[in-house]
Amino acid sequence: MTLRWKSVVVSVLTLGALLAVLYVAVSSILLAGFTASEDQTGSENVARVVAAIGNEINQIDYTVRDWASWDDSYTYVEDGNEVYRTSNLTDDAISRLKLNLIVYRHISGRLVFGESFDLQTHVSQPLAASLQAYLDSNGPLVQVATSQTPVKGLVMLPDGPLLVAARPILNSAEDAPPRGVLIMGRYLDAPMIEQLSKRTQFPLTFYRLDSESLPPEVQQVRQQLSPASPIITQPLDGATLAGYTILSDIDGQPRLMVRVEMPRPIYQQGQLTLRYLLMSVLAAGLVFGLLSILLLELFVLRRVASLSAGVSRVTEQGDLSLRLPVVGDDELSGLTRDINTMLSALADSEERLRHLNQELFTARDQALEASRAKSTFLATMSHELRTPLNAIIGYSEMLEEDAQASDIALTNPALTTDLEKINAAARHLLSLINAVLDLSKIEAGKMDLYIETFAIADIVRDTVMVIEPLIAQRENTLQVTCPPDMGQMRADVTKVRQSLFNLLSNAAKFTHGGTITLAVGRERGRNATASAPDWIIFSVSDTGIGMTAEQMDKLFAPFTQADSSTTRQYGGTGLGLALSRRFCRMMGGDITVESQPGAGTTFTIRLPAEVEGPKQSLDPEPLVVDSQRLVDSHLIAESR
């Protein structure tokens with residue numbers, strides 16, 4: 001992603017984050033205020049509905065008061081005259097009063113007049129049995145005659161809620177004792193609810209609290225309403241708000257819940273205000289974002305692009321003498337000057353590197369020439385030394401045989417011992433020369449492999465037969481594990497035998513009175529190929545002196561042993577392991593070692609069962625001949 005696109009993405013993400021934070025903050029603050037105002041307005045509207053219901057009750061109470069304090073009513077409740085009833089209690093008169101109930105009850109409990117009235121059909125009916133039972137229960141409405149305390153409010157009947165008012169029947173001067181009670185009421189039925197809805201301009205719904213089938217919404221709200229919170233408002237959706245309150249009856253018991261549905265203009269106005277605010281902020285953010293990107297392009301990005309193009313031009317042309325133009329005096333200008341300084345330093349370094357490369361090429365040519373001279377010297381000297389050494393070995397054997405055949409061995413036994421030492425020293429020196437010549441051939445890439453097929457058990461048997469005297473000389477025990485079904489392998493039998501012999505002789509040299517183990521196995525399937533599916537594993541373990549990690553690091557270097565003191569104590573030239581590893585790597589395998597001081601050593605040869613051809617050595621180490629080591633080795637052999 002280019003720097004320009006990154007700038008655009010960062011600007012867009014920043015603007016988005018700003019809008020998100022602004023939306024959360026504004027919605028939390030602005031909408032919270034609108035919601036609080038909506039709740040307050042909703043509570044006021046519910047209170048208006050309750051006041052409208054109370055106004056209906058007051059109107060009924062006003063009519064009751066007008067009829068109860070009247071001499072004609074005072075007389076009628078006592079004698080029940082027909083003139084009063086026919087003049088005032090007709091269906092037409094009750095219909096004009098919009099009442100569903102009128103009851104005249106004497107103070108003695110006698111019912112003087114009591115009828116229900118259907119305002120839809122304008123026909124009077126006898127009192128309902130539920131209302132008659134309520135009057136006979138000597139409730140608050142009946143006790144008005146004796147307590148002389150007016151009662152008005154709500155009575156919950158099985159037929160429905162009833163708005164009712166009751167007053168004692170007195171004379172017009174209200175100075176005579178009451179003769180009974182006058183009760184008037186109106187059912188809170190569908191027409192009444194519709195009338196209240198039109199008057200308050202809100203849809204109204206009433207729920208009886210003694211009903212067993214209250215909606216879950218009403219049950220939840222009922223638990224939330226309390227004297228401390230007599231009115232609760234809840235949004236039904238984005239456009240409607242519901243307010244709830246509970247109406248109590250004349251006994252003070254909660255009987256009826258009122259739900260008032262109201263529109264939400266305040267909330268909708270808040271949403272609209274928030275939307276307009278966010279749109280304004282978005283428009284302003286886009287304008288400022290575009291302006292920021294343009295300014296960034298003009299003062300930064302364009303100069304960065306020019307700087308990048310200049311650096312690319314220097315890279316493409318490869319001319320470190322080119323310099324970038326410096327414009328202005330800011331951070332980018334300082335970066336341009338630093339790049340020019342770096343180009344100057346690179347140009348100087350390039351010149352120094354050119355001289356250094358020339359010196360390295362010269363040194364390499366000299367090293368190659370020295371290596372060729374060394375290889376030539378080793379090959380020549382090895383051949384030149386073999387002739388006199390073979391003569392020394394031959395003449396020493398002849399002299400030794402003559403000495404043993406004559407009486408000289410009896411008269412001068414030291415002479416025979418000296419001849420044996422001369423023969424052993426010559427043979428040792430010849431083997432050393434052969435090893436040096438082999439290393440030289442490997443390094444020069446002239447060592448050949450002679451691949452042939454042979455039985456693994458045969459080569460193990462031959463090697464063990466040769467090494468047993470050396471193992472017995474050090475009072476060691478040899479244990480060989482070679483399954484009879486090991487089969488054959490295809491490799492250079494001489495180099496395999498020599499590698500095994502070197503490992504076994506090393507184990508015998510550094511172990512005294514211990515155990516040496518040779519284990520042979522075949523590994524199948526690991527790194528297998530079609531031509532060499534199996535690997536042959538030769539493991540040589542001893543219980544000798546062991547080695548440290550530092551000693552194992554230089555174990556396979558030519559003319560090097562694990563410790564300099566071992567050369568003096570145990571003898572050897574340090575060429576056996578180096579040759580063995582290089583032989584194994586030429587055949588596509590390797591030698592690994594595991595050891596701990598005082599716990600013995602384990603060497604493992606891993607070779608393919610079918611060697612395809614000579615492999616390049618993995619660590620072609622240059623042959624460096626240490627003349628002092630050669631002399632030391634010769635002296636050791638001579639002393640033996």
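Bear in mind the structure is a predicted one, so any value in this text is a computation, not a measurement. Hydrogens, waters and symmetry mates play no part in the numbers below; they use all other heavy atoms, side chains included.
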Exercise. Cut-off 3.5 Å, side chains only: do H355 and E351 have a donor facing an acceptor?
Worked result: yes
Exercise. Do T517 and V540 touch side chain to side chain, with heavy atoms closer than 4.5 Å?
Worked result: no
Problem set entry | Listed partners of S539 passing side chain to side chain contact (heavy atoms under 4.5 Å, CB included), at least two apart | A519, S541, T602, T604
For this session: Indicate whether any N or O donor in one side chain lies under 3.5 Å from an N or O acceptor in the other, for R497 and T494.
Result: no
Exercise. Do the side chains of V464 and L478 get nearer than 4.5 Å, heavy atoms only?
Worked result: yes
Exercise. Using 4.0 Å as the upper bound for N to carboxylate O, is an ion pair formed by R606 and D590?
Worked result: no
Exercise. Hey, what do you get for CD (Q498) to CZ (F583), rounding to the nearest 0.5 Å?
Worked result: 4.5 Å
Exercise. S499 and S580: which non-hydrogen atoms are nearest, and at how many Å?
Worked result: CA-OG, 3.6 Å
Exercise. Looking only at side chains, do T511 and N476 share a donor and an acceptor under 3.5 Å apart?
Worked result: no
For this session: Using side-chain contact (heavy atoms from CB on, under 4.5 Å) as the criterion, point out the one residue from I591, L503, V460 that pairs with F538.
Result: V460
Exercise. Any side-chain heavy atom of F454 sitting closer than 4.5 Å to one from M489?
Worked result: yes
Problem set entry | Side chain to side chain, V520 and I537, heavy atoms closer than 4.5 Å | no
Exercise. Under 6.0 Å from the CD atom of Q596, do we count more than 12 heavy atoms belonging to anything else shown?
Worked result: no
For this session: Quick one: list whatever passes side chain to side chain contact (heavy atoms under 4.5 Å, CB included) with N340, sequence neighbours left out.
Result: R323, L324, V326, T336, L343
For this session: Evaluate the side chain to side chain donor-acceptor pair (under 3.5 Å) criterion for residues R490 and T453: first the C-alpha distance (whole Å), next the side-chain angles of each, then the deciding distance (0.1 Å), finally the verdict.
Result: CA-CA 4 Å; R490 183 173 175 80; T453 302; 3.2 Å; yes
Exercise. So, do E610 and I451 sit near enough that their side-chain heavy atoms are less than 4.5 Å apart?
Worked result: no
Seminar exercise, completed: CE (M486) and OG1 (T481) are apart, to the nearest 0.5 Å, by 11.5 Å
Exercise. Is a donor on one side and an acceptor on the other found under 3.5 Å between the side chain of T515 and the backbone of T477?
Worked result: no
Problem set entry | Non-hydrogen side-chain atoms of S349 and R352 separated by less than 4.5 Å | yes
Exercise. Roughly how far, to the nearest 0.5 Å, is the CD atom of Q473 from the NE2 atom of H512?
Worked result: 10.5 Å
Seminar exercise, completed: Interatomic distance, CD1@I339 vs OG@S344, rounded to 0.5 Å, equals 12.0 Å
Exercise. Roughly how far apart are E359 CD and Q366 CD, rounded to 0.5 Å?
Worked result: 10.5 Å
Exercise. Is M587 close to V496 at the side-chain level, that is, under 4.5 Å between some pair of heavy atoms?
Worked result: yes
Problem set entry | Side-chain heavy atoms of I516 within contact of Q479, under 4.5 Å | no
Exercise. Which distance, rounded to the nearest 0.5 Å, do you find between the NZ of K509 and the CG of N502?
Worked result: 9.0 Å
